[in-house]
Amino acid sequence: ADLEVTHWWTSGGEAAAVQELARIFEEQTDHNWVDGAIAGSGSTARPIMVSRIIGGDPMGATQFNHGLQAQELVEAGLMQDLTEVAEANGWADFINPPSLLEACTLDGRIYCAPINIHSPQWMWTSHAAFEAAGVEPATTWEELKAAAPALRNAGILPLAQGMQGWQTSLLLNAMISGIGGADFYLSAYQARDEETLRSDTMRQIWEELAIARELSQGGNLSDWNMATNRLIEGTAAAQVMGDWAQGEFALAGQSAGSDYGCNIGLGGEPYIATGGDAIYFPVNRDEGVSEAQRALAEVITGPEAQVAFNAAKGSLPIRGDIDLTEVNACTQLGLETLAAGNTIPSIDMMLSSDTRGQIEDLTAEFFGSDLGAEDAHERHVRIVMSEM
Amino acid sequence: MARSGPPLRLFQNWQAKLAAMPMILTALVIFIGCSLWTVVYSFTSSRLLPRLDFVGLAQYERLWSTPRWQVSIENLAVYGVLSLILTLAIGFLLAVLLDQKIRFEDGFRTIILFPYALSFIVTGVVWQWILNPDFGLQHIGRSMGFSTFTFDPLNDPNLVILALLAAGIWQGAGLTTVILLAGLRGIDEDVWKAARVDGIPAWKTYIFIILPMMKPVFATCIVLISAGIIKLYDLVVALTRGGPGIASEVPAKYVYDYMFGNQNLGQGFAASTMMLAAVLAIIIPFALFRMGRKRHV
Amino acid sequence: MRDELNGISVSIRDLSLGYGAVRVLSDLNLDVRQGEFLVLLGASGCGKSTLLNCIAGLQPATEGQVFIGGWNVTWAEPSERGIGMVFQSYALYPQMTVEGNLSFGLKNARVPRDEIRRRVARAAETLQLEPLLKRKPAALSGGQRQRVAIGRALVRDVDVFLFDEPLSNLDAKLRAELRVELKRLHQNLGNTMIYVTHDQIEAMTLADRIAIMRGGAIQQLATPDDIYRRPANLYVAGFIGSPPMNLLPGRLEAGRFTGPLTADVAGYDFAAPPRDGKVVLGIRPEHVRTGPAAEALPIRAQVDVEVVEPMGADTLVWARLGQTPFRVRMDGEDRVRVGDRLAIGCDPVSLSLFDAATEARL
Amino acid sequence: MRDELNGISVSIRDLSLGYGAVRVLSDLNLDVRQGEFLVLLGASGCGKSTLLNCIAGLQPATEGQVFIGGWNVTWAEPSERGIGMVFQSYALYPQMTVEGNLSFGLKNARVPRDEIRRRVARAAETLQLEPLLKRKPAALSGGQRQRVAIGRALVRDVDVFLFDEPLSNLDAKLRAELRVELKRLHQNLGNTMIYVTHDQIEAMTLADRIAIMRGGAIQQLATPDDIYRRPANLYVAGFIGSPPMNLLPGRLEAGRFTGPLTADVAGYDFAAPPRDGKVVLGIRPEHVRTGPAAEALPIRAQVDVEVVEPMGADTLVWARLGQTPFRVRMDGEDRVRVGDRLAIGCDPVSLSLFDAATEARL
Amino acid sequence: MSDAAFPTPRGRLLDGPAGIAPTRRMNPKRIMVYGGLIVFSIYYLLPLWVMVMTSLKGMPEIRMGNIFAPPMEITFEPWVKAWSQACTGLNCDGLSRGFWNSVAITVPATILSIAVAAVNGYALVNWRFKGSEVFFTILIFGAFIPYQVMIYPIVIILRELGLMGSVWGLVLVHVVFGMPIITLLFRNYFSSLPPELFKAARVDGAGFWGIFLRVLVPMSLPIFTVAVILQVTGIWNDFLFGVIYTRPDSYPMTVQLNNIVNSVQGVREYNVNMAATLLTGLVPLTIYFLSGKLFVRGIAAGAVKG
Ligand SMILES: Nc1ncnc2c1ncn2[C@@H]1O[C@H](COP(=O)(O)OP(=O)(O)OP(=O)(O)O)[C@@H](O)[C@H]1O
Ligand SMILES: Nc1ncnc2c1ncn2[C@@H]1O[C@H](COP(=O)(O)OP(=O)(O)OP(=O)(O)O)[C@@H](O)[C@H]1O
Ligand SMILES: [Mg+2]
Ligand SMILES: [Mg+2]
């Protein structure tokens with residue numbers, strides 16, 4: 001049957017990854033992949049997906065960040081129960097870290113198929129840019145700050161930062177886990193401990209964010225891949241972005257280590273969040289479609305798709321049992337961190353979309369204005385504390 | 001042939017009533033029903049799915065304490081006032097220019113109105129391109145030798161409203177021009193003659209005689225422009241996406257983002273209820289004004 | 001030239017005006033005397049308004065010149081010509097009060113306040129507008145609006161008043177009243193007035209002289225009485241009078257008319273010695289006598305009554321003279337019925353004779 | 001009921017109609033005789049059109065009933081009432097030819113093709129529309145359009161014709177012509193015709209009987225002659241006649257009228273024995289005699305001439321009788337000048353007397 | 001008579017010259033008028049010019065050059081790419097699919113919405129019934145309600161009707177939201193027709209539909225044209241409804257445009273974006289330029305009398 005899959009993987013690397021997935025799906029099953037890409041970011045695409053599901057015209061499968069985004073839809077019984085598929089394939093055995101599967105689980109039933117792990121805590125650096133400025137490529141946030149004047153002198157943008165809310169809040173969160181550490185991160189977002197939130201560490205993080213605002217001044221960037229592109233061109237030095245940025249580097253023919261560098265947690269505590277994308281399968285009346293849905297769930301979690309998809313997209317596979325010897329240095333770094341168990345839950349798993357959205361608005365406003373770090377910090381506390 | 005009694009009231013005109021069913025349904029179900037539905041749910045804590053879980057005015061309290069909403073309202077006010085004034089001023093000026101018995105009037109009018117035929121998405125893309133700092137006006141300015149020339153409204157929170165205005169007026173002022181021109185043309189030729197015989201110069205005639213006579217036409221324009229301002233959404237999405245930061249956010253976008261993106265329907269409904277209230281605040285006085293006028297005549 | 005214009009208030013010389021290829025006025029000449037009430041009368045579209053606009057300076061002439069009060073004003077602005085104008089649609093400034101309407105032009109000309117007040121008061125008195133001064137035009141009746149429009153011309157103390165169908169928008173009763181008021185106004189002020197209308201009653205009752213226009217040219221310029229009694233040509237004869245003159249085609253031979261009736265026209269006041277040929281005989285319905293009174297008259301005939309229209313004061317009879325329709329106006333008291341055969345008679349003195357070819361009066 | 005309606009074509013019983021609180025027609029009763037030409041005359045807004053629409057079934061009455069040809073048609077569709085209607089604005093279907101306009105109603109009624117062709121041809125002949133059958137209304141003159149509109153009623157072979165100011169949109173000349181044509185048509189067809197107008201000339205000339213309406217009620221229903229000579233009340237007296245009757249307020253005492261003039265009303269035809277009290281004396285301007293003819297008449301006075309309006313066939317004199325305005329209609333031949341003092345006289349037979357309180361004729 | 005304010009005519013003396021009228025062709029006032037219009041015309045035309053020029057350049061030239069300069073080397077590549085090759089996700093058939101989707105949405109939505117609105121206008125003017133004006137007033141109020149207020153409830157309504165995601169659902173939405181202004185247009189037009197026409201047709205025995213179809217519709221061609229123009233441009237340009245109430249395989253052209261413009265794969269291809277933009281605007285622009293005065297008249301008629 002035709003299976004319509006909606007997603008917002010439209011940048012170069014992402015599209016290539018989808019291409020792989022679709023190819024494997026069509027090869028391995030006799031179903032048909034109907035692509036329903038929605039351009040823009042998740043915040044553009046999600047409303048459309050949600051309204052279609054609510055409106056009773058569900059697609060066959062759809063991307064969500066797993067976590068709380070789709071929880072209500074699941075609760076409302078709008079999502080296909082995948083427990084049987086999961087048990088038959090022994091998902092519990094190979095999905096690593098297990099928190100991924102947990103995020104798909106509600107009341108003991110499984111409702112989604114995780115497809116990749118996304119860690120947003122990466123800082124990417126352009127070797128060409130640092131070379132042009134005559135400094136060593138920065139490996140930490142502090143080094144970047146130090147190199148900034150030299151970079152500026154060479155006409156290079158120290159930090160390529162897209163101004164959209166999700167990108168600016170990504171930077172904030174990377175700083176929280178990188179500068180504050182895993183416990184701090186959990187205490188702030190999972191426990192929502194007011195003391196932690198009001199702590200000096202958090203205040204300092206906001207001040208660092210203010211510095212980041214300065215370092216990104218003059219970039220005038222909005223889309224993340226436009227920012228990555230500045231790194232590829234060598235006109236910007238660094239970008240804090242998820243592992244998917246690697247897909248753009250790969251597409252541009254650059255290789256990790258020689259053309260670009262990477263580090264986790266801005267060179268601070270190397271924790272990666274194990275959020276990522278998952279595919280949900282809205283309940284569908286057509287049995288043929290349901291059939292295809294189950295088939296896709298199997299394909300997604302299968303080793304072949306995991307390798308091909310994640311290699312193209314630059315993200316980490318969800319399987320602990322596949323051999324990724326061919327991966328590049330950066331992916332290797334991610335895998336090692338993962339293997340070391342240095343994982344933290346993703347924001348999506350801890351905060352509602354509402355709270356997350358408000359944090360995004362706050363950081364967007366922060367970057368787009370001269371809002372003081374102090375005030376922003378205060379508001380940040382209040383937003384997190386108001387999470388219901 | 002002759003019937004002895006009157007037919008039942010309900011069935012008088014039954015065909016008309018039947019034919020008007022789509023209108024009645026639209027009016028009742030869509031415009032009244034959906035609006036009420038939205039208002040009711042704005043008092044609930046609905047998140048991704050509507051739930052009748054009333055929380056009183058909590059959503060409104062939060063709405064008005066949210067900086068983004070405040071910025072949105074502020075933007076809308078600034079954009080609204082400027083857009084209203086500029087659109088009316090430019091529209092009237094253009095209408096007056098077009099009314100001077102000029103040659104190629106059709107040509108000029110075509111030029112001024114054509115953007116109205118375009119989608120806001122198209123307008124947004126075009127202006128994004130023109131205002132692009134690397135290729136557009138700033139680039140031109142710099143390549144003409146003014147190396148420090150800076151004109152980058154799309155990335156300057158203080159100027160971004162100007163970018164919206166330039167694009168909005170580009171698209172919308174033509175409509176105002178055409179309406180005002182029709183209004184000017186509707187004015188009795190003899191009034192002009194009378195003013196000339198009285199020796200009143202043309203500009204004075206326009207300002208002291210014609211302008212006051214066009215009050216109803218201006219009222220129509222104001223309502224149309226205001227309705228457009230409140231609905232302002234597509235242009236923002238296409239041109240700035242609310243950025244830089246939240247510098248160009250508008251209420252309609254807030255509603256949309258909260259309803260779907262942030263999965264907080266209650267909040268989105270509260271915001272849309274505020275917009276509904278704003279619309280009523282514009283329309284009701286206008287309707288009263290019109291009805292009042294009808295009664296006098 | 002100046003002498004030539006003595007006693008002449010408005011003079012139009014060789015005026016021509018065209019819109020593109022369409023000629024609206026052609027080589028028009030017209031002298032209006034000081035203090036005269038001149039009515040321009042003609043069918044719709046004959047160019048009356050255009051001519052008036054040319055005099056006012058609201059429309060530039062293609063050729064020719066306009067003199068007002070002895071000055072060549074052909075290129076002067078309307079406000080500099082010493083004219084006031086009143087329009088059919090009133091053309092009041094709706095957002096100003098009556099007072100504002102009256103004084104706006106004066107304020108604009110920087111007339112001193114006192115003077116403005118004086119003139120407005122005088123005009124308001126003349127036109128009985130005092131109680132209305134504070135009202136806006138929307139709160140006035142049609143007749144009151146028209147009076148304000150006249151007042152606007154009055155305050156300007158001009159020599160020449162131009163009226164473009166000022167009463168057409170009013171109903172019959174009001175029209176009759178305002179007509180009399182206008183006549184009175186003219187008697188009191190003594191200004192020159194040029195008045196455009198297509199209503200013959202208005203023209204007949206108001207005018208010192210009437211200019212009958214047709215296709216941008218003047219057909220006849222004469223007193224109402226002359227125009228009524230001695231129409232210059234067939235067009236004027238057919239245009240004036242309601243119902244219009246009976247026009248009977250025929251031949252004139254040795255002082256005798258032969259047509260639907262035969263008549264000895266001895267006694268008719270020919271403009272030039274009569275020549276034989278095809279002519280048209282005109283008889284006004286009200287100059288026809290019936291019954292005993294007819295028998296004494298030199299021209300007699302019998303007509304068959306087809307339709308009788310009692311109109312109160314008098315009765316209109318639509319009859320047939322042989323094959324030709326023939327109208328008779330009788331006293332309202334006289335009784336006549338459809339189908340009756342009616343003896344009619346009339347006097348050559350009251351006849352009109354036209355050359356059938358040139359259409360001009362003989 | 002049926003017997004009662006013998007010889008009655010249209011009968012209206014206790015008809016009332018209101019728009020919300022506004023009463024437009026109130027308890028109106030009217031019987032129109034078979035073959036009669038009835039004119040509804042009244043000022044604008046008095047409810048004439050509304051009444052006509054009620055008869056046609058285009059407007060549902062609030063109360064009361066309508067009978068046509070003896071049938072109660074109060075709730076019948078307009079097309080089922082056996083009426084044809086002609087409107088002021090012609091209301092021709094612009095996209096159909098004349099032929100299409102004429103046959104539209106018949107096609108709707110599924111009349112056979114042959115029959116349609118026959119009837120259209122007959123109507124076209126009657127109205128001289130044959131050469132125009134293939135044209136569209138836009139290519140017709142006003143008079144032709146109105147004839148088509150009449151034809152549309154004609155083809156439907158109805159008993160009752162309703163006309164709503166059919167001639168108001170035409171110019172004076174054409175109006176007079178079509179008026180005569182209509183009268184002729186009525187003479188030939190013999191249908192019942194109900195005709196709305198606010199033009200008294202039309203009413204006087206066309207009607208068998210006139211119903212004068214005011215504020216949704218009928219003031220007087222009588223022949224034109226009666227209405228003219230014996231107006232039922234002050235309203236009718238002031239409404240009919242142009243210029244209207246001179247109305248002089250005064251007192252009646254022992255057969256003598258004292259007011260702006262004094263007059264012995266012996267010879268006046270009172271409807272009831274005269275009672276003393278406040279009255280209004282009405283004198284039609286055309287019943288006033290002047291000069292030598294006046295001296296022989298029992299009622300005499302002197303008036304001062306203020307305005308003279310020569311109108312061709314006759315001359316209107318606006319004069320003053322003491323303080324009261326007084327109008328006199330004189331023959332066009334008689335000469336009179338502004339400022340003259342004029343001796344007038346009239347005959348009590350032609351007077352009207354009204355009770356000043358009830359406004360009814362005495 | 002020679003008063004301060006209005007002295008006797010101030011024209012030239014009789015014997016003075018009486019030559020030709022002073023030329024009116026090009027005095028300072030006219031120059032200002034035309035100057036002003038030309039300045040505004042540049043403001044209005046410049047974006048169009050930039051769009052066309054950019055769409056005809058190759059990317060290298062764009063990066064180097066001036067957006068206002070005409071292309072040194074004209075290439076139609078961007079147009080081809082925008083029409084048939086640009087990608088969103090895996091779909092690399094450019095705008096072509098969106099174009100046909102837009103056609104498939106616009107045609108029935110235009111026809112239906114005009115049919116419904118015309119009947120509404122007719123019923124409102126000629127067959128008034130109790131409450132008809134109230135419904136109409138609500139309808140007009142509805143025209144001003146921001147769409148966002150109603151998006152969500154309409155999702156639910158469409159779900160209940162089973163129309164969510166289908167072209168017909170979107171058509172229905174367009175019919176609903178086009179109804180106020182088009183109904184107003186028809187109401188104004190029908191009420192400007194003489195009511196006698198309607199009365200005459202009733203006397204002639206035509207019924208509700210007979211009068212509408214055989215008398216009124218044939219004489220309403222101008223207003224139908226105007227309504228078609230307004231609706232085609234309006235529906236074609238819609239973005240919000242298109243994106244929410246359809247599925248990707250039936251996305252209209254504007255949504256596709258937004259996708260193409262926002263799916264940046266590598267560098268932004270401005271020339272392709274501009275070509276895509278022009279292609280999307282082509283249909284309404286063509287209609288606008290072809291219909292000329294009708295469009296203006298429709299807008300003025302729909303608004304001035306509102
Ligand atoms: N702007 C114009 N362009 C072309 N022709 C015009 C214009 N204005 C008037 N005309 C023509 O000039 C002729 C005279 O017009 P004018 O208004 O003077 O007539 P009128 O005698 O005043 O008629 P009415 O009694 O209807 O007012 C008409 O035939 C008219 O069609
Ligand atoms: N639809 C309506 N709603 C309210 N009042 C109305 C309506 N139609 C007519 N009227 C009122 O009813 C009264 C009678 O109207 P009608 O049209 O019958 O007058 P008429 O005598 O035909 O006038 P005219 O000579 O101007 O045609 C008027 O006062 C008018 O204001
Ligand atoms: Mg005129
Ligand atoms: Mg009427």
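Throughout, a chain's letter reflects where its sequence line sits, starting with A, and its residues are numbered from 1. This is a predicted model, so every value here is computed, not measured.
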With a 4.5 Å limit on heavy-atom distance, are the side chains of Ile157(E) and Ile30(B) in contact?
yes
Between atom CG of Asn120(E) and atom CE of Met21(B), what is the distance when rounded to the nearest 0.5 Å?
11.5 Å
Quick one: of Asn126(E), Ile145(E), Asn273(E), who has the most non-hydrogen atom pairs under 4.5 Å with chain B?
Ile145(E)
Tell me every residue that passes salt bridge (Lys or Arg N to Asp or Glu O under 4.0 Å) with Asp234(B), counting only those two or more places apart in sequence or in another chain.
none
Which distance, rounded to the nearest 0.5 Å, do you find between the CG of Leu118(B) and the OH of Tyr288(E)?
10.0 Å
Closest non-hydrogen atom pair, Arg30(E) against Lys101(B)
NH2-O, 3.1 Å
Contact winner vs chain E - Leu265(B), Thr273(B), Val237(B), heavy-atom pairs under 4.5 Å:
Leu265(B)
Please confirm whether the backbone N or O of Met51(E) pairs with a side-chain atom of Trp129(B), one donor and one acceptor, at under 3.5 Å?
no
Straight-line distance of Leu240(E) CG to Lys231(B) NZ, nearest 0.5 Å:
10.5 Å
Between Val122(B) and Leu257(E), does the side-chain contact (heavy atoms from CB on, under 4.5 Å) criterion hold? Intermediate values first, please.
CA-CA 8 Å; Val122(B) 171; Leu257(E) 169 69; 4.0 Å; yes
Would you say Met274(E) and Val125(B) make side-chain contact, with heavy atoms under 4.5 Å?
yes
Give the member of Ile287(E), Val116(E), Thr183(E), Leu124(E) that has the highest number of heavy-atom pairs under 4.5 Å with chain B.
Leu124(E)
Among Phe68(E), Tyr122(E), Trp127(E), the residue with the most heavy-atom pairs under 4.5 Å to chain B is Trp127(E)
With rounding to the nearest 0.5 angstrom, report the CD to CZ distance, Gln15(B) to Phe129(E).
12.5 Å
Might you work through the side-chain contact (heavy atoms from CB on, under 4.5 Å) test for Thr38(B) and Met150(E), ending with a clear yes or no?
CA-CA 7 Å; Thr38(B) 297; Met150(E) 282 171 291; 5.7 Å; no
Hey, mind stepping through Phe31(B) and Phe177(E) against side-chain contact (heavy atoms from CB on, under 4.5 Å) and telling me if it holds?
CA-CA 10 Å; Phe31(B) 292 142; Phe177(E) 286 98; 4.0 Å; yes
Across all chains, not counting sequence neighbours, the side-chain hydrogen bond (donor to acceptor under 3.5 Å, both in side chains) partners of Arg185(B) are Asp99(B), Glu105(B)
Taking side chain as C-beta onward, heavy atoms only, is Phe120(B) less than 4.5 Å from Phe239(E)?
no
Distance from Ile32(B) atom CD1 to Ile138(E) atom CD1, nearest 0.5 Å?
4.0 Å
Heavy-atom cut-off 4.5 Å, strictly under: side chain, backbone, both or neither for Leu112(E) against chain B?
neither
Can you confirm whether Phe40(E) sits close enough to Ile111(B) that some side-chain heavy atom of one is under 4.5 Å from a side-chain heavy atom of the other?
no
Ranked by heavy-atom pairs below 4.5 Å to chain B, first place among Leu278(E), Thr233(E), Leu48(E) goes to Leu48(E)
Trp236(E) and Ser119(B): side-chain donor and acceptor closer than 3.5 Å?
no
dist Tyr43(E):OH -> Ile90(B):CD1 (nearest 0.5 Å) comes out at 6.0 Å
Which residue is it: Tyr233(B), Tyr258(B), Tyr254(B)? I am looking for the one with a side chain to side chain contact (heavy atoms under 4.5 Å, CB included) to Gln148(E).
Tyr233(B)
Among the options Leu94(B), Leu276(B), Asp106(B), Ile230(B), pick out the one with the most heavy-atom pairs lying under 4.5 Å from chain E.
Leu94(B)
Main-chain N/O of Cys34(B) paired to Tyr152(E) side chain as donor or acceptor, under 3.5 Å:
no
Pair count under 4.5 Å, heavy atoms only, with chain B: among Lys29(E), Arg128(E), Met179(E), highest is Met179(E)
Stepwise side-chain contact (heavy atoms from CB on, under 4.5 Å) test for Thr26(B) and Phe135(E):
CA-CA 9 Å; Thr26(B) 300; Phe135(E) 294 125; over 6 Å; no
